[in-house]
Amino acid sequence: MTTYPVPVTDRRDRAHRDARDRRRKPLARLFLGEREDARWLRPAFWALLAVTAVVYLWDLSISGYANSFYAAAVQAGTKSWEAFFFGSLDSSNFITVDKPPASLWVMVLSAWLLGFSSFSLLLPQALMAVGSVALVWGTVRRTLARLGTTTANVGALLAGFVVAATPAAALMFRFDNPDALLVLLMTAGAYCTVRALPRGSWRWIALAGVALGFAFLTKMLQGLLVLPAFGLVYLFAARTTWGRRVVGLGIAAVSLVVSAGWWVVAVWLWPAESRPYIGGSTNNTVLDLVFGYNGLGRIFGGSGNGGGGGMGGGTAGGSFGGATGLTRLFSSEMGLEISWLLPAALIALVLGLVVVGRRHLADPARAGLVLWGGWLLVTALVFSYMSGTIHPYYTVALAPAIAGLVGTGGALLWHARARLTGRLGLAGMIGSSAFWGWCLLNENPSWLPWLRWVVLAGGLLSAVAIVVGSVPSLRKLVTVGVLAGTLFGLTGTTAYALATTTVAHSGSIPSVGPSGSSAGGTGQGGFPGGAGGPGGSTAGSDDAASGEGSQQGPGGTPPGGTSGEAPEGTTGEAPDGTTGEPPALPDGTGSGTEEGSDDATSEDGSGTSLQAGGGGEGASTSSELEALLQATDTTWSAAVNGSQSAAQLELDTDTAVMAIGGWSSDPTPTLAQFEAYVADGEIGYYISSGNGGGMGGGSSTASEIQEWVAANYESTTVGGSTVYDLSDPK
């Protein structure tokens, strides 16, 4: 019988069918991976997510309402659709928060489902940590696929772990600031960009644009710092023609503009007289907020942002960024939050590009390095040199980039360990992580004093073992050194991140580390041994007496018992322009109770009892004042200078409170407008906050209103607070 060879086309079809038949069903593949994968790889991924969820969700309510400014806006959003849409601070829609509302939308949805509480407020943030870890894992795994399944998965697991073990992430993914959603959306954009590369998919790159558009609606221009890296990677690494790449980028640009601009246009079209004032703006427009206070003002100073001596001189301690320059990210509180593996990431970027050599521009590993490296370099340079307001926790935006470089670069160098470049690169990553971890742990010498020496000794010995492994007969030392070095290199950042999750954080400027840690420094920048850097002089602790509490509170002189924290958007300079120590309170006491003390935070996230003034960050309302405001039936139960004061009153009384001057001395309301509100019976009481000046509500308008109220209404003392009944003129 005559037989003939199977046609080539049939052989290809048969091979394709065989490969398809070998694949597991989608659900099994999701939990177990492919049949060819090592059995432990996919379960290890799920274990990483489970551990991240447990650590970030454990005792989540320890921080109460965390930042009362955003918590009050979430509470308002649960009561009013208009407050939900605009991101209003109060349910009667007088003024919005000074950021777009995307992060508030997520928290309000959680509060709708579970009821408004500390847990429902912070639950989305913790889940965003899990999502960010998963997206970093998926992005890195795809870019390393050509190195083999095991190497790609191990590199991805390492990257995901680094995200979870970053102290800045441990802080902000358990806090109600917008940064958690910002990081999740930027990471989603990175994942979508990588998914678009194999076939030049315009759909995936369009989704990347959508992710960045909503990142803009989370924290405006900061969400677009990754845009150059994403665009560059797609333009040069997408496997399609140049024309289709350009078209894909055009579609992505349109997607970004539409997803970011629809809310801006809606607010612009909404009549100003029937919507809340846009907090943070000077002319009640979102565009002023975009390019002013939350845009160019952050970079160059001005527009309600600090700058000059206040930022460069560093009188505000850890609350601000310290002196501008390349060392800023390594100094003071910024170093403790983000720089643990930054040297290793930079080594991974440089030597990783050397290892990939002259591979095709579309090589996935090269694309991964460029994507994460571009993200890191652009964002780090902006953070290092911006002259406006910057707080250390902003650096959480660097966590995925550092993790991606450590995972991608580390896997590439491991794959090239037979070459001297690969071994030296691995040794450099491990040795630098151990040394810099020792420097950062030395910032807190009383906390686990043995840990820094274990990290240093173990890491350096591991690096030496890798170098010695260049001798052919000792090649096994390379594997031992890499495994041990990875353990020691990650110990410092992991320990500090875990310590951060055990401490209650509140106010507008939280910091990392264990309770009572000497975080912050003088803010003057520098490396260990220099002022403000790890190992240098410090100016406080993780409590209210640190940089967190070094500023005058909103509404003028801080009322007794309040924390007096500096709101975002202020210069950070101490009142006398010389020191960053907390100002004395009117009664001659210090700046209030220390964060983390037994009475600093109540079960519901309020704080110490307010003795005078109109409330403030970290201070709760007296029971007498609370009962008074709850008995009102006016549009606003009270008016007070500053958003922080108003926010705390709202949380404690569950009523709408008018924040005169907003967060950063916004020009609203005018005296004439306030008089009209009073004449119409829309405001129940005015609560004095001292002198009408200071942070948030510190405009001349606030002073004029306070003088007018004092001249026309009798004052009374309610629970230690000076209150004017606006329904009973003199």
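Any value given below was found using the heavy atoms of this structure, including those in side chains, with hydrogens, waters and symmetry copies removed. Counting begins at 1 with the first residue of the sequence.
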Open item on the list: Does any part of the side chain of Phe161, heavy atoms only, come nearer than 4.5 Å to the side chain of Thr494, both counted from C-beta?
Closed with: yes

TODO: Please examine the side chains of Leu182 and Gln222, heavy atoms only from C-beta on, and report whether any two atoms are closer than 4.5 Å.
DONE: yes

Task: Candidate pair Trp372 and Leu349, rule side chain to side chain contact (heavy atoms under 4.5 Å, CB included), full reasoning - done: CA-CA 9 Å; Trp372 300 119; Leu349 173 60; over 6 Å; no

Open item on the list: Just verifying a value: how many Å separate Gln125 CD and Ser103 OG, rounded to the nearest 0.5 Å?
Closed with: 7.0 Å

Task: Phe173 side chain reached by Met128 side chain, heavy atoms, under 4.5 Å - done: yes

Task: Main-chain N/O of Ala362 paired to His360 side chain as donor or acceptor, under 3.5 Å - done: yes

For residues 396-414, dump all side-chain donor-acceptor pairs below 3.5 Å to protein atoms at least two apart in sequence or in another chain.
| residue | atom | partner | partner atom | Å |
| --- | --- | --- | --- | --- |
| Thr408 | OG1 | Gly404 | O | 2.8 |

- [ ] Indicate yes or no for a side-chain donor-acceptor contact from Arg174 to the backbone of Thr501 under 3.5 Å, with no hydrogens or angles considered.
- [x] yes

Open item on the list: Would you say the ring centers of Trp450 and Trp453 fall short of 6.0 Å from each other?
Closed with: no

Task: Value rounded to 0.5 Å, distance of CE in Met429 from CD1 in Ile466 - done: 10.0 Å

TODO: Test Val382 against every option in Leu225, Leu377, Ile390, Leu221 by the side chain to side chain contact (heavy atoms under 4.5 Å, CB included) rule and name the one that passes.
DONE: Leu225

TODO: Would you name the heavy atoms of Glu443 and Leu336 that are closest together and state the gap between them?
DONE: CG-CD1, 3.9 Å

Open item on the list: If we count only N and O atoms by modelled type, under 3.5 Å, do the side chains of Tyr394 and Asp179 hold a donor and an acceptor together?
Closed with: no

Task: Contact summary for Val512 and Glu333, nearest pair of heavy atoms - done: N-OE2, 2.9 Å

Open item on the list: Quick one, Tyr496 with Trp447, criterion ring-ring contact (aromatic ring centres under 6.0 Å, His included). Give me CA distance, side-chain angles, the key distance, then yes/no.
Closed with: CA-CA 10 Å; Tyr496 222 75; Trp447 180 70; 5.5 Å; yes

TODO: Establish, yes or no, whether a centroid distance under 6.0 Å links the rings of Trp204 and Tyr234.
DONE: no

TODO: Taking ring pair (Phe, Tyr, Trp, His ring centres under 6.0 Å) as the test, write out the residues that go with Phe435, two or more places apart.
DONE: none

Open item on the list: So, taking the atom named NE2 in His505 and the one named CG in Asn177, what distance separates them when rounded to the nearest 0.5 Å?
Closed with: 12.0 Å

Open item on the list: For a 4.5 angstrom cut-off between non-hydrogen side-chain atoms, does Thr491 reach Val454?
Closed with: no

TODO: Check for a donor-acceptor pair, side chain of Arg245 on one end and backbone N or O of Thr240 on the other, with a separation under 3.5 Å.
DONE: yes

Open item on the list: Applying side chain to side chain donor-acceptor pair (under 3.5 Å) as the test, list every pair that has at least one member in residues 335-350; sequence neighbours left out.
Closed with: Ser339-Trp436

TODO: Using a 4.5 Å cut-off on heavy atoms from C-beta on, say whether the side chain of Leu232 contacts that of Leu371.
DONE: no

TODO: Search all heavy atoms of Ala190 against all heavy atoms of Trp375 and return the closest pair with its distance.
DONE: CB-CZ3, 4.0 Å

Task: Approximate separation, where rounding is to 0.5 Å, of Leu376 CG and Leu369 CG - done: 12.0 Å

Open item on the list: Please evaluate residues Met386 and Arg328 with respect to the criterion side chain to side chain contact (heavy atoms under 4.5 Å, CB included), reporting the C-alpha separation (whole Å), side-chain torsions for both, the decisive distance (0.1 Å), and the verdict.
Closed with: CA-CA 10 Å; Met386 60 188 288; Arg328 176 185 265 187; 3.8 Å; yes

TODO: Quick one: do Leu440 and Thr493 satisfy side chain to side chain contact (heavy atoms under 4.5 Å, CB included)? Show the steps, please.
DONE: CA-CA 9 Å; Leu440 293 172; Thr493 182; over 6 Å; no

Open item on the list: What's the separation between atom CZ in Arg366 and atom OG1 in Thr143, rounded to the nearest 0.5 Å?
Closed with: 13.0 Å

- [ ] Go through the steps to decide whether Phe216 and Leu224 satisfy the test side chain to side chain contact (heavy atoms under 4.5 Å, CB included), and finish with yes or no.
- [x] CA-CA 7 Å; Phe216 175 88; Leu224 304 184; 4.2 Å; yes

Task: Minimum heavy-atom distance Gly160-Val136, with the two atoms named - done: N-CG1, 4.2 Å

TODO: Report yes if some heavy atom in the side chain of Arg142 is under 4.5 Å from a heavy atom in the side chain of Pro364; otherwise report no.
DONE: no

Task: From CG (Leu424) to CD1 (Ile347), nearest 0.5 Å - done: 10.5 Å

- [ ] Quick one: closest heavy-atom pair of Pro472 and Arg475, and the distance?
- [x] O-CG, 3.3 Å

TODO: Work out which heavy atom in Val140 is nearest to a heavy atom in Ala159; give both atom names and the distance.
DONE: CG2-CB, 3.8 Å

- [ ] Kindly state each residue pair satisfying side chain to side chain donor-acceptor pair (under 3.5 Å) with at least one member in residues 459-470, sequence neighbours excluded.
- [x] Arg423-Ser470

Task: Residue from Val163, Val130, Val133 passing side chain to side chain contact (heavy atoms under 4.5 Å, CB included) with Leu48 - done: Val133

Open item on the list: Checking the side chain of Thr166 only, and the main-chain atoms of Val162 only, is there a donor and an acceptor separated by less than 3.5 Å?
Closed with: yes

Task: Residues forming a salt bridge (charged side-chain N to carboxylate O under 4.0 Å, His left out) with Arg359, sequence neighbours excluded - done: Asp363

Task: Any Arg141 side-chain heavy atom under 4.5 Å of Trp137 side chain - done: yes

Task: Residue pairs fulfilling side chain to side chain donor-acceptor pair (under 3.5 Å) with at least one residue in residues 193-202, sequence neighbours excluded - done: Tyr191-Arg195

Task: Any side-chain heavy-atom pair of Leu341 and Leu490 under 4.5 Å - done: yes

